[in-house]
Engineer: 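This is the structure I want to talk about, given as structure tokens.
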Amino acid sequence: MMVEGMALLDLGVSPYSGDVFHETPLIVYLFHFLVDYAEIVFMITDALTAVTLYLAVQEYNKLMFKKQKLLLELKKYPQEGHELLRVPTEMYYVPLKVSLFYLLNPYTVLSCVAKSTCVINNAVIALFILATVKGSPLLSAVFLSLATYQSLYPVTLLPPALLYLLQKEFVPVKMKSTGFWLFSCQYCSIYLGSLCVLVCHSFFLLNSWDFIPSIYGFILSVPDLTPNIGLFWYFFAEIFEHFSLFFVCIFQINVFFYTLPLTINTFKCY
């Protein structure tokens, strides 16, 4: 599919003029230069994802043990619960296990062999997780905007990332707090600004907005019922076409809806 898109681009035809190509413009132009090294690019990207996950888990473990040590000093844990606490020796190999589980996952291997761009999506999301755990609002927002630009659904990671960074920056998560609103506005502004830059740059490359309905409209409307590892195609292949719009709306709302109650619940915990 990527090859078809690049071929149409070389002929001066918009790859989004039909209903075959649904990849983002920046990826098309990127692989236009890397197509001869595609196998190496995908292998390096998977290795980068594994290393990033290793570093993210390692950093999270450090933060968890610091917090656990502080709570122990403040005697926040009951005496009978001390044996349940984690110790560094138990968690030493967890980052390595996470990296190996990712690399040896059959879906990861097959995606790399098939040269699917979901490999790039995984790498961007892993970099977003690392930036968030490290406490970098700028990089976190930029990588989240890249992930959203690629596949839309990562936008649901915005509230949890924001709450995690607020906690890391020791900003009180209260509606009346000026610091809370200031930090939230800064993070959301960086995220939206980065996303706008990506979308506008895509427009300047193609001189057309055709890519928006072709990419994001395709994700939301689910017109392709080709069998895959997901559930959408099977469900919509079985129902009457008359009800398809209703169930598409229900399925898509189901993706985004749970972000709201989970965020509200986190507010109450603070």
Side-chain angles (χ1 to χ4, degrees), residues 1-3 22-24 26-28 30-31 34-35 37-64 86 88-134 136 139-140 142-161 164 215-216 218-219 222 224-237 251-252 254-256 258-259 262:
M1 190 178 294
M2 180 69 73
V3 175
H22 305 286
E23 193 51 70
T24 54
L26 292 181
I27 292 295
V28 181
L30 175 65
F31 276 94
L34 300 176
V35 65
Y37 313 99
E39 293 84 0
I40 298 173
V41 169
F42 281 103
M43 287 189 290
I44 291 174
T45 305
D46 261 340
L48 173 65
T49 305
V51 172
T52 305
L53 289 173
Y54 179 93
L55 295 173
V57 176
Q58 190 179 55
E59 180 67 19
Y60 183 78
N61 281 344
K62 289 179 183 177
L63 295 173
M64 185 186 70
R86 297 288 186 183
T89 52
E90 290 179 352
M91 306 295 287
Y92 183 78
Y93 291 106
V94 171
L96 181 61
K97 289 177 181 178
V98 170
S99 297
L100 289 176
F101 286 157
Y102 173 78
L103 288 174
L104 300 177
N105 188 320
Y107 180 69
T108 303
V109 175
L110 292 173
S111 297
C112 185
V113 171
K115 290 180 276 192
S116 169
T117 52
C118 70
V119 171
I120 297 173
N121 298 350
N122 293 341
V124 173
I125 291 174
L127 288 167
F128 155 72
I129 293 171
L130 177 60
T132 306
V133 173
K134 286 279 189 180
S136 173
L139 291 177
S140 174
V142 169
F143 283 125
L144 182 57
S145 66
L146 274 168
T148 306
Y149 170 76
Q150 273 295 108
S151 55
L152 187 63
Y153 290 131
V155 69
T156 57
L157 297 173
L158 178 63
Y164 182 87
I215 299 171
Y216 308 117
F218 181 81
I219 292 172
V222 201
D224 184 13
L225 301 182
T226 304
N228 53 61
I229 64 169
L231 297 175
F232 276 41
W233 71 271
Y234 180 76
F235 185 85
F236 289 111
F251 270 53
Q252 298 294 359
N254 192 58
V255 173
F256 297 100
Y258 296 107
T259 305
L262 288 172

Engineer: Rounded to the nearest 0.5 Å, what separates atom OH in Tyr216 from atom NE2 in His22?
Structural biologist: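 If I round to the nearest 0.5 Å, the distance is 13.5 Å.
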Engineer: With rounding to the nearest 0.5 Å, note down the distance linking CG in Leu130 to OH in Tyr60.
Structural biologist: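 If we round to the nearest 0.5 Å, Leu130:CG and Tyr60:OH are 14.5 Å apart.
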Engineer: State which residues pass side chain to side chain contact (heavy atoms under 4.5 Å, CB included) with Leu53; sequence neighbours excluded, sorted by chain then number.
Structural biologist: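 Counting only residues at least two positions away or on another chain, Leu53 forms a side chain to side chain contact (heavy atoms under 4.5 Å, CB included) with Thr49, Val98, Tyr102, Ala126.
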Engineer: So how far is it from Phe101 CZ to Leu96 CG, rounded to the nearest 0.5 Å?
Structural biologist: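 Here the interatomic distance stands at 9.5 Å.
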Engineer: Taking Ser99 for the side chain and Pro95 for the main chain, is one N or O donor matched with an acceptor at less than 3.5 Å?
Structural biologist: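 Yes; judged by distance alone, with no hydrogens or angles, the pair exists.
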Engineer: Specify the closest pair of heavy atoms between Ala38 and Lys115, including all atoms of both residues, with the distance to one decimal.
Structural biologist: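 Closest approach of Ala38 to Lys115, heavy atoms only: CB-CD, 4.0 Å.
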Engineer: How close do Leu103 and Asp46 get, heavy atom to heavy atom, and via which atoms?
Structural biologist: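 So the two residues come closest at CD2-O, 3.8 Å.
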Engineer: Do the non-hydrogen side-chain atoms of Cys118 and Tyr107 ever get within less than 4.5 Å of each other?
Structural biologist: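 Yes, side chains in contact.
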Engineer: Can you list everything that forms a ring-ring contact (aromatic ring centres under 6.0 Å, His included) with Phe251? Sequence neighbours excluded, please.
Structural biologist: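 Only Phe232, Phe235, Phe236 meet the ring-ring contact (aromatic ring centres under 6.0 Å, His included) criterion with Phe251.
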Engineer: I need the minimum non-hydrogen distance between Phe128 and Ala161, along with the two atoms involved.
Structural biologist: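 Closest heavy-atom pair between Phe128 and Ala161: CZ-CB, 3.5 Å.
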Engineer: Applying the side-chain contact (heavy atoms from CB on, under 4.5 Å) criterion to Ile120, which one of Val41, Ile125, Ile27 satisfies it?
Structural biologist: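 That would be Ile27; it is the only one of Val41, Ile125, Ile27 passing the side-chain contact (heavy atoms from CB on, under 4.5 Å) with Ile120.
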Engineer: Grab the two heavy atoms, one from Ser140 and one from Thr132, that are nearest each other, plus how far apart they are.
Structural biologist: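 Reported closest heavy-atom pair: OG-OG1, 2.8 Å.
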Engineer: Can you tell me how far CD1 of Ile129 sits from CG of Leu157, rounded to the nearest 0.5 angstrom?
Structural biologist: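 If I round to the nearest 0.5 Å, the distance is 7.5 Å.
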Engineer: Are any side-chain N or O atoms of Gln252 and backbone N or O atoms of Ile219, one a donor and one an acceptor, separated by less than 3.5 Å?
Structural biologist: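 Yes, the answer is positive, given that a donor and an acceptor are paired below the 3.5 Å cut-off.
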Engineer: Suppose we screen for ring-ring contact (aromatic ring centres under 6.0 Å, His included). Which residues come up paired with Phe256, at least two apart in sequence or across chains?
Structural biologist: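 Listed in chain order: Tyr153.
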Engineer: If every non-hydrogen atom of Gln150 is compared with every non-hydrogen atom of Asn121, which pair is closest and at what distance?
Structural biologist: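 That would be NE2-OD1, 3.0 Å.
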Engineer: State, without any angle test, whether Ser111 and Ser116 hold a side-chain donor-acceptor pair at a distance under 3.5 Å.
Structural biologist: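 No, no side-chain donor-acceptor contact under 3.5 Å.
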Engineer: Answer whether the closest heavy-atom distance between the side chains of Tyr164 and Val133 falls below 4.5 Å.
Structural biologist: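 SC-SC contact between Tyr164 and Val133 confirmed.
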Engineer: Just how far is it from atom CG of Leu127 to atom CG of Leu144, taken to the nearest 0.5 Å?
Structural biologist: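 So the CG of Leu127 and the CG of Leu144 are separated by 12.5 Å.
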Engineer: Which heavy-atom pair separates Ala123 from Thr45 by the least distance, and what is that distance?
Structural biologist: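 For Ala123 and Thr45, the tightest heavy-atom pair comes out as CB-CG2, 3.6 Å.
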